[in-house]
Amino acid sequence: MIPVGDREVRVSSPDRIVYAATERTPEITKRQVCEYVAAVGDVLMATIGERPTAMERWPDGWREGMRLATGPQDRDADGFYQKRLPKGAPDFVETVRITFPSGRTADELCPTEPAALVWAAQMGALTFHPWPVRRPDVDHPDELRIDLDPQEGTTFADAQRVAGVTKELLEELGLRGFAKTSGNRGIHIYVRIQPRWTFDEVRHAAIGLGRELERRDGGVTTAWWKEERGTRLFLDYNQNLRDRTIASAWSLRARPGAPVSTPVSWSRLAEVEDPRDFNLTTIPDYLADGDPWADLDAEAYSLEPLLQLWESLPGGELNWPPDYPKQPGEPPRVQPSKKVAEHWDEHGNRVES
């Protein structure tokens, strides 16, 4: 049993190896994963409490070569996203109903106390993927999420540089960003916003921000197609859409050495040499110096400055993910290298021959 506040959470197979040993970390068991989640429960709740949260589950632990399911048809995968709360959850584990882009609904985990997160860890959840909304208003995001995704040929150092440019731009616009490592080579920047805008409008704000970053730093791109990105960081604007999520702050990642997506101050971010130094074994001591995101909820900002960039900078609409309906003004959903011009009209719709 793992004590969590006034509760105790039972852990089955506590000695199961979840992460193999690396040169940085020893073997890590299921009990240690659950103890880690309990140890960071308060700061984890501060970032994902009351949010619809998908669980990235690896019931048998994670090893190099294991696969994460890409859809319900991928039944041979080792890990999967649990979007609907499984049957048999304890009474203290709460849910919130969300609506997918398809119109279907689901009752998803809604953490209201650290014990719920430890229970999820006991169920094999390593990474928590919260929506950028809170109960009871799950249709208006209160977070803008800026996902700086390194592409082939780029490094964490490139992400650090672009994050610094992003910080300066946000400050010029009167906004405050909070940075975290992704748990891999990327960096995420969050801005607390007033819950007044739709998912689509927040996405447009991210595109506006990305286009201004492209003007300021040649190492940034908003190109949806990988063949057009080159050796630049991709600002994944579509991460702000409904049902698109990013690994939460303080979440473990399914990678060697149990890395953690770790909030950092801007001064600390500039000093990080290897984000793998933030892992399950080091985070409890790291938190002894306080929560770098303690002020995240101090002020909620307007999106208007970023929406003005969306309106004023040239470029128009960008591609949506393939599981979304075709949108007005969206470019053709075909790789540029495979596009035959006469097969498409000026609105991006395929012309039947």
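- Electrostatic pairing of D200 and R242 does not count as a salt bridge here, judged by no charged N lying under 4.0 Å from a carboxylate O.
- Between D158 and R232 no salt bridge is recorded (no basic side-chain N to carboxylate O distance below 4.0 Å).
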Kindly determine whether R84 and D107 satisfy salt bridge (charged side-chain N to carboxylate O under 4.0 Å, His left out), including the steps that lead there.
CA-CA 5 Å; R84 290 176 171 81; D107 293 322; over 6 Å; no
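- Under the 3.5 Å distance criterion, the side-chain polar atoms of R176 are left unmatched by any main-chain donor or acceptor of R192.
- V118 and V43 fall within a single hydrophobic cluster, where Ile, Leu, Val, Met, Phe, Trp and Tyr side chains are chained together by heavy-atom contacts under 4.5 Å.
- The same ILVMFWY cluster, assembled from side-chain heavy atoms under 4.5 Å apart, contains both I48 and I146.
- Remark: side-chain polar atoms of R7 are not paired, donor with acceptor, to backbone N or O of V4 under 3.5 angstrom.
- The neighbour count for Q73 CD, taken as heavy atoms of other residues, nucleotides or ligands under 6.0 Å away, is above 12.
- The existence of a salt bridge linking E108 and K83 is excluded, since no basic side-chain nitrogen approaches an acidic carboxylate oxygen closer than 4.0 Å.
- Remark: side-chain polar atoms of S261 are paired, donor with acceptor, to backbone N or O of T181 under 3.5 angstrom.
- In this structure, S312 contributes its side chain and Q308 its backbone to a donor-acceptor pair below 3.5 Å.
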Test salt bridge (charged side-chain N to carboxylate O under 4.0 Å, His left out) on E317 and R203 and set out the steps.
CA-CA 11 Å; E317 188 58 273; R203 173 183 174 273; 2.8 Å; yes
For a side-chain hydrogen bond (donor to acceptor under 3.5 Å, both in side chains) check, start with the C-alpha distance between K30 and Q122, then their side-chain angles and the critical distance, and finish with the verdict.
CA-CA 7 Å; K30 186 177 179 182; Q122 123 73 23; 3.2 Å; yes
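- The aromatic ring centroids of Y190 and W293 lie less than 6.0 Å from each other.
- In this structure, the side chain of R211 does not engage the main chain of T222 through any donor-acceptor pair within 3.5 Å.
- Judged by distance alone, with hydrogens and angles left aside, the side-chain atoms of N279 form a donor-acceptor pair with the main-chain N or O of R276 at under 3.5 Å.
- Counting non-hydrogen atoms of neighbouring residues, nucleotides and ligands closer than 6.0 angstrom, the CD atom of E271 exceeds 12 such neighbours.
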Test R24 against T22 for side-chain hydrogen bond (donor to acceptor under 3.5 Å, both in side chains), laying out the working first.
CA-CA 5 Å; R24 294 170 176 269; T22 69; over 6 Å; no
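- A salt bridge is defined here as a Lys NZ or Arg NE, NH1 or NH2 lying under 4.0 Å from an Asp or Glu carboxylate O, and R216 with E168 fails to meet this definition.
- Considering only heavy atoms from C-beta on, F278 comes within 4.5 Å of V272 through its side chain.
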Could you walk me through whether Q194 and H140 pass the side-chain hydrogen bond (donor to acceptor under 3.5 Å, both in side chains) test, one step at a time?
CA-CA 9 Å; Q194 300 159 8; H140 295 89; over 6 Å; no
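- Geometrically, R185 does not engage F156 in a cation-pi contact defined by less than 6.0 Å to the ring centre and at most 45° from the axis.
- At a threshold of 4.0 Å, the pair D297-R134 counts as salt-bridged, since one of the basic side-chain nitrogens sits closer than that to a carboxylate oxygen.
- Side-chain contact between P114 and D42 is present, with at least one heavy-atom pair separated by less than 4.5 Å.
- The closest side-chain heavy-atom distance from I2 to E8 is not below 4.5 Å.
- At least one side-chain heavy atom of L235 sits under 4.5 Å from a side-chain heavy atom of L148.
- Looking only at atom types and distance, the side chain of E56 has a donor-acceptor partner in the side chain of W58 under 3.5 Å away.
- Put simply, the side chain of R57 never gets that close to the backbone of F80: no donor and acceptor are under 3.5 Å apart.
- Of the possible polar contacts, none joining the N240 side chain to the F199 backbone as a donor-acceptor pair under 3.5 Å is found.
- Surrounding CZ of R196 are more than 12 heavy atoms belonging to other residues, nucleotides or ligands, all under 6.0 Å away.
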Go through the steps for Y301 and L144 under the test side-chain contact (heavy atoms from CB on, under 4.5 Å), then give the verdict.
CA-CA 10 Å; Y301 296 93; L144 168 70; over 6 Å; no
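- Residue D274 qualifies as enclosed at atom CG: its count of foreign heavy atoms under 6.0 Å is above 12.
- Distance alone, capped at 3.5 Å, places no donor-acceptor pair between the R244 side chain and the N238 backbone.
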Given ring pair (Phe, Tyr, Trp, His ring centres under 6.0 Å), test W250 with F128 step by step and report yes or no.
CA-CA 9 Å; W250 311 112; F128 297 103; over 10 Å; no
Could you walk me through whether E227 and Q335 pass the side-chain hydrogen bond (donor to acceptor under 3.5 Å, both in side chains) check?
CA-CA 8 Å; E227 65 185 38; Q335 287 178 238; 2.9 Å; yes
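- Note on I17: it does not cluster hydrophobically with Y36, by side-chain heavy-atom contacts below 4.5 Å among ILVMFWY residues.
- Ion pairing of R67 with D74 is present here, as a side-chain N (NZ or NE/NH1/NH2) and a carboxylate O approach within less than 4.0 Å.
- With T198 contributing its side chain and E201 its backbone, the two residues share a donor-acceptor pair below 3.5 Å.
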